[in-house]
Amino acid sequence: MTDTPAPTSEATPTRDYSSTLNLPATDFPMRAGLPEKEPKLIARWDEMKLYEKLRETAKGREQFVLHDGPPYANGHLHIGHALNKILKDIITRSRQMMGYDSNYVPGWDCHGLPIEWKVEEEYRAKGKNKDEVPINDFRAECRAYAENWVKIQSEEFRRLGVEGDFAHPYTTMALASEAVIATELLKFATSGQLYRGSKPVMWSVVEKTALAEAEVEYQDYQSDTIWVKFPVVAGAPELDGAAVVIWTTTPWTIPGNRAISYSPKIAYGLYEVAEAPEGNWAKTGEKYVLADALAEAVFKQAKVTAYTKLASVSAAVLGKLTCAHPLRGLSGGYTFDVPLLAGDHVTDDTGTGFVHTAPGHGREDFEVWMDYGRELTERGISTAIPFTVDDDGFLTDAAPGLTGRRVITDKGEKGDANGAVIEALAAAGMMVARGRLKHTYPHSWRSKKPVIFRNTPQWFVYMDRPIGGGASGSNATTLRARALAAIDDTAFYPPAGQTRLRSMIENRPDWVLSRQRAWGVPIAVFRNVDTGVVIPGPEFAHNEAYAARIRAAFEVEGADAWFAEGAKERFLKGFVDDLEPWEQVTDILDVWFDSGSTHEFVLKSRPDLKWPADVYLEGSDQHRGWFHSSLLESCGVNGVAPYKTVVTHGFTMAEDGRKMSKSLGNQVLPQDVIKQSGADILRLWVASTDYWEDQRIGKKILDANSDAYRKIRNTLRWMLGTLAHYDGVAVAYADLPELERVMLHKLAEVGAEVEEGYREYDFKAVFSSVLNFMNIELSAFYFDVRKDALYCDPKSSLKRRTALHVVALLYDHLVKWLAPLIPFTAEEAWLERHPGDTSSVHLELFPTVPGEWTDAALDEKWEKVKRVRRVVTGALEIERREKRIGSSLEAAPMVHVEDKDLLTALDELDFAEICITSQIAVTDTPAPEGAFRLEDGTPVAVVPKLAEGRKCARSWKILPEVGSDPDYPDVTLRDAQALRELAAEA
RNA sequence: UGGCCUGUAGCUCAGGUGGUUAGAGCACACGCCUGAUAAGCGUGAGGUCAGUGGUUCGAGUCCACUCAGGCCAACCA
């Protein structure tokens, strides 16, 4: 520090020159008030018919179609909906601005169980019974219910700033949609891919209906338990004469037994009864195969007083074993072989270590059975699953000797089936023990009565049967092969989606399409009860005419036509000689088939869209949902996927990374965010997050986004204020000072990142690139440096005018790039610069950055300038701390640059201006001892000094020249010139 | 239990094919400015890269396991 005299300006009374400065002036408020402003902008867009204008503007451009995965028309939006729709909106808006015709048509999924429930609930409240209401009346109420929610959700989506054809959305329940969905299914029937198989479902005997898992509640129930022998008949000589013992809580399922499951992870042994009471079921000398861990408990239950283990039995032996059904020979039935199958569901906690497997009566039983299908067929064992229990709970002909016994009565009480089975087993000498067990058991939600798992006919689509005529577009022969090929042809964001979908398609069983429900599109086929032949089908001569009938009727009446009186005559007459054996199928389609067909009834039917879609975007759960069913549906019918790209997003967690739930009270509702902060804040959150993975949201995170928003807004506001003094005259690039050219270079870099980010669906890259640019390059550097020229330079100053020109360029570029992310604020900002009734940033294209803006050499040079600048600011910070200066304008540092490269970079630059000091000296002379240096090794040392001269009353710079102008003795010469020009103007 | 995935500073994110003291923005602390002012600028302090064990001259980066979390495995969408 030298002994420079303190500036004398403090003592001199100063004039307030602020009115002579070009200070920022704007009405653009610092505080956004988004909750009030956003609805007004929506109203404006409505009024100016923005959606229609977007289409008009883009007419003839290449189409880009993001096809909307339909949300379910039930309930208010949650955060997941908001994330989903905002992402879609960012995509459609950015593609539109990239120069595509990017049309977005929102859709809704309207059929299905949840709506049935709601309507039924309303019935119950009114004391009405669903079964007494004609089905089409019930369906009408479901339709009205869905309609109402479509309206509500539509408004909620729009409030998020989502732009699209909300005046003409699609719904799966539109009559035309139902017509297409039904005829799409007919295509599967026609090509022979649809077949009638069977599968166990939860069934309520009392209500005579299938139940969903959600309609079932678990209550305590007392079951009869039995331990039963399955005599070994083949496979292992060492087990001759032994029996595999199973345990079950449902004796009535014994007639349905077709296999025994064991676990390769459990140790088994061959045991012999050494001693048992007279007349005991388990007799001395009998040999049982049991899990070692459970043998003792079994013998105790069987009242066996002594037993011995003869040998261990390996899993390899068990796998080859064949047993006889314990009722073999009863009424001439049960002659089939019972194989042993390895299953993961088998444990050695309870029972015997062997699980009685009745594929018609349990999910796991069914799965094990189906998994072994091919192997069983090779062993000569029929894989057919018997229908041992009918709708009313009676054992059928498929249970010889027990036919007519009842599992559960109309009233929901236990029938006589269990007793009869036990009696028959005992008579056959196959009982080991019996007991009772109190445990939780599924009961119907409605009747509170126990339900059963029973085999029921269902409609399936083959995954692995070669597809014959009627379908086209692919060489692959089976649905699975086609789907796998289609997955290879699809781009996935993130890439893991491909693996996930592929492994699902590889492993999935045949596609079950039928549901025994009311609110949906029917499987509009007929089945010949004598021959099993289905219409339509590969052999049927009138497939097209039949489909045309269905389609024509559904287009006018909707799927209700199928459920109306006389449907059989109406649709079948003239196609068959005798209507009598033809049974109308009343099952409806799984709603996944509905939404899986949207590409057909939306993309193909609307001229303003195209097929296939460019993008499907949904949550990662949709790998087994919409992505999956759309793929199968389209591969079955078209041979290829209905999409080119699949984008998935993760789930939204609470702030601690855990699932949101009502009970934990950690939910964030989009409605609340919108009310408190505005939709743009929510959208900024979406833009900032890595949505490919699970994201978090909460107060802290939203606050951080509000802060980012404020920074963006304030920076735009300052630019607007400054531009109030811009006359709109452009300056040629060649005439720009280096600083301006560097900013344009940076802008070009940001532009490349923005473009790449939008193209690759990486919005957080766009967000951080723009935000960092605004923070670091603009707010903290360029604007800070240029304020002097912008505020103080004379009107005529080229520097001032070029800066204004560049600020205007920066402003328009940034606002456009931000438009897809924060459409409300971007619009508000755009209109400040480009007002007009028909003006909208959303009608603009992203700017093309001129190639001449890119100047890597200049950028490199200025990075050096900034390195030196950092040393200067570091030195000034010390001065500030020591209270020698406050403002940097009080300083006039001496900068010793010890590197030739760095020194050259400063040539011909007004380095004082860049460092925002009043004066500065740059030299290559060695720095004195004690000069300030940065620890990072920059070869620059700074010796701070106070600026000499008087403080300019206008620009606050301290310069010796102040006082030398006779007219304006209290300002610098530059400021004097500015004042002179101002005076001349007046 | 199986399929797919995640775990880097308080928060949101960067960290090609393994290679110098792990980066940014925000938030935080301290200071400056008071002509972007419920603003602006500067400086600074924050990380055993979930953990353990391996491969390697060398691992946030590769491998295995463990822990924590998420989605899927519904006549739910």
Side-chain angles (χ1 to χ4, degrees), chain A residues 16-18 21-24 26 30-31 69-74 109 112-114 116-117 199 201-202 209-215 344-345 363 456 458 494 496-497 499-504 506-508 512 514-517 520 587-588 590-592 595 619-626 628 648 650-651 653 655-659 685 688-690 692-696 698 700-701 703-705 707-708 710-711 714-715 717-722 764-765 767-768 771-772 775-776 779-781 783-784 787 791-792 870 873-874 876-878 880-881 883 885-889 916 954-956:
Chain A
D16 180 9
Y17 281 104
S18 54
L21 296 168
N22 295 310
L23 293 176
T26 177
M30 186 177 262
R31 287 173 62 84
Y72 196 62
N74 181 22
D109 197 358
L113 192 58
E116 276 192 42
W117 284 343
K199 189 185 150 159
V201 300
M202 294 265 226
T209 176
L211 294 175
E213 181 69 35
E215 294 177 296
D344 292 334
H345 61 295
R363 176 171 307 282
T456 51
Q458 300 294 345
T499 332
R500 185 166 178 181
L501 189 55
R502 186 188 288 122
S503 88
M504 278 179 181
E506 274 168 352
N507 299 317
R508 65 153 301 139
V512 191
S514 50
R515 299 289 124 104
Q516 287 71 51
R517 289 279 155 190
D587 292 352
I588 62 160
D590 175 16
V591 289
W592 285 114
S595 57
S620 63
D621 57 332
Q622 297 301 327
H623 285 105
R624 77 155 287 281
W626 193 52
H628 195 118
T648 55
F651 278 68
M653 302 296 133
E655 214 148 31
D656 59 0
R658 298 175 151 272
K659 220 182 170 91
W685 166 73
S688 71
T689 202
D690 182 1
W692 287 0
E693 303 300 337
D694 292 346
Q695 334 79 40
R696 299 177 182 201
K700 241 182 111 170
I701 294 168
D703 282 351
N705 279 290
D707 286 341
R710 276 210 297 277
K711 181 68 192 181
N714 263 317
T715 307
R717 178 170 181 269
W718 180 85
M719 294 167 89
L720 268 180
T722 288
K764 66 185 190 312
F767 172 78
S768 72
L771 187 65
N772 279 341
N775 264 317
I776 302 167
S779 187
F781 180 61
F783 294 165
D784 215 29
K787 274 177 202 169
Y791 294 177
C792 306
R870 264 191 290 277
T873 53
L876 295 185
E877 189 58 25
I878 303 287
R880 218 170 256 138
R881 192 136 301 160
K883 302 289 178 199
I885 63 166
S887 159
S888 57
L889 284 176
I916 319 183
R954 187 163 178 272
S955 67
W956 299 340

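Protein chains get the first letters and strands the later ones, always in sequence-line order, with residue 1 at the start of each.
In this structure, B:G25 and B:C11 make a Watson-Crick or G-U wobble pair, each of the two defining distances being under 3.5 angstrom. Checking B:G47 for Watson-Crick or G-U wobble geometry (two distances, each under 3.5 Å) identifies no partner in any strand. Taking a pair to require two hydrogen-bonding distances under 3.5 Å in either a Watson-Crick or a G-U wobble arrangement, B:A36 remains unpaired. The partner of B:U55, taking Watson-Crick or G-U wobble pairs whose two distances both stay under 3.5 Å, does not exist in any strand shown.
Closest heavy-atom contact between A:A780 and A:I776: CB-O, 3.7 Å.
Backbone-only contact: A:M653 has heavy atoms under 4.0 Å from sugar-phosphate atoms and none from a base. Contacts of A:G112 with the nucleic acid, taken as non-hydrogen atoms under 4.0 Å apart, involve only primed sugar atoms and P, OP1 or OP2. Across all strands, A:V512 comes closer than 4.0 Å to no nucleic acid atom at all (heavy-atom distances). Nucleic acid contact for A:I878: none, since no nucleic acid atom lies under 4.0 Å from a heavy atom of the residue.
Both A:R696 and A:F651 sit near RNA chain B, but only A:R696 has its closest nucleotide nearer the 5' end.
Side chain of A:N772, nearest nucleotide from B:A77, B:G25, B:C72: B:G25.
With sequence neighbours left out, the side chain to side chain contact (heavy atoms under 4.5 Å, CB included) criterion links A:R696 to A:M653, A:I701.
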Shorter than 3.5 Å, N or O on both sides, protein versus nucleotides 13-17 of chain B: list them out with atom names.
residue	atom	partner	partner atom	Å
B:C13	OP1	A:T689	OG1	2.7
B:C13	OP1	A:D690	N	2.4
B:A14	OP1	A:K764	NZ	2.6

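One atom, CG of A:L771, and another, P of B:C26, lie 8 Å apart when rounded to the nearest Å. Atom-to-atom, CG of A:D703 to P of B:A27 comes out at 11 Å; the value is rounded to the nearest Å.
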(request) Encode nucleotides 33-46 of chain B as B, S and - characters from 5' to 3', where the letter depends on protein heavy atoms closer than 4.0 Å: B to the base, S only to sugar-phosphate, - to neither. (result) SSBBSBSSSBS---
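At B:G3, none of the side-chain N or O atoms of A:R500 fall inside 4.0 Å of OP1 or OP2 (strictly under the cut-off). Phosphate proximity of B:C32 to A:K883: present, with a side-chain N or O under 4.0 Å from OP1 or OP2.
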